[in-house]
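We're numbering straight along the sequence, starting at 1. Computed from heavy atoms alone, side chains included, the values below leave out hydrogens, waters and symmetry copies.
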Amino acid sequence: MCLAVPGQVMSIAERDGTLMADVDFGGVRKDVCLQYVPDATVGEYVVVHVGFAIQRLDEQSALQTLANFEQLGILEEEFGAK
């Protein structure tokens, strides 16, 4: 399964001409491309699908979604063990 999952932007850097971010998905951190949301900032939440941030999301919605995914076991299915 491949979901769009909310995560918090921890840092932003340009790599090889591509805007990238280190994003925290409830304890699992991944590199994410920010080319579709170049105005995202550190601390904001973004919705990520197949390695690309596709939109910003408010913190309350992001945390609720992460909690629901965790409860359903979706985060472990999507990212593997922490």
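For the pair S61 (side chain) and L57 (backbone), a donor-acceptor distance under 3.5 Å is absent.
Applying the salt bridge (charged side-chain N to carboxylate O under 4.0 Å, His left out) test to residues at least two apart or on different chains, the pairs with a partner in residues 33-55 are D39-R56, E44-R56. Among residue pairs with one or both ends in residues 18-28, those qualifying as salt bridge (charged side-chain N to carboxylate O under 4.0 Å, His left out) are D22-R29; sequence neighbours excluded. Pairs of residues two or more places apart, or lying in two chains, that qualify as ring pair (Phe, Tyr, Trp, His ring centres under 6.0 Å) and include a residue from residues 51-76 are Y36-F52.
A single hydrophobic cluster is seen to contain both V32 and V42, as judged by linkage of ILVMFWY side chains at heavy-atom distances under 4.5 Å, directly or through other members. In the hydrophobic clustering of ILVMFWY residues, with side-chain heavy atoms under 4.5 Å counting as a link, L34 and V28 come out together.
For E59, the side-chain contact (heavy atoms from CB on, under 4.5 Å) partners two or more places apart in sequence, or in a different chain, are Y45, L63. Residues meeting the side-chain contact (heavy atoms from CB on, under 4.5 Å) test with Q35, sequence neighbours left out: T18, L19, C33.
Between I54 and H49, some side-chain heavy-atom pair lies under the 4.5 Å cut-off.
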Residues 3-17 side chain polar contacts: donor-acceptor under 3.5 Å, at least two apart:
unit_1: Q8; atom_1: NE2; unit_2: G43; atom_2: O; d: 3.1

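Nearest heavy-atom pair, V37 versus A53, reported as atom, atom and distance to 0.1 Å: CG2-CB, 3.4 Å.
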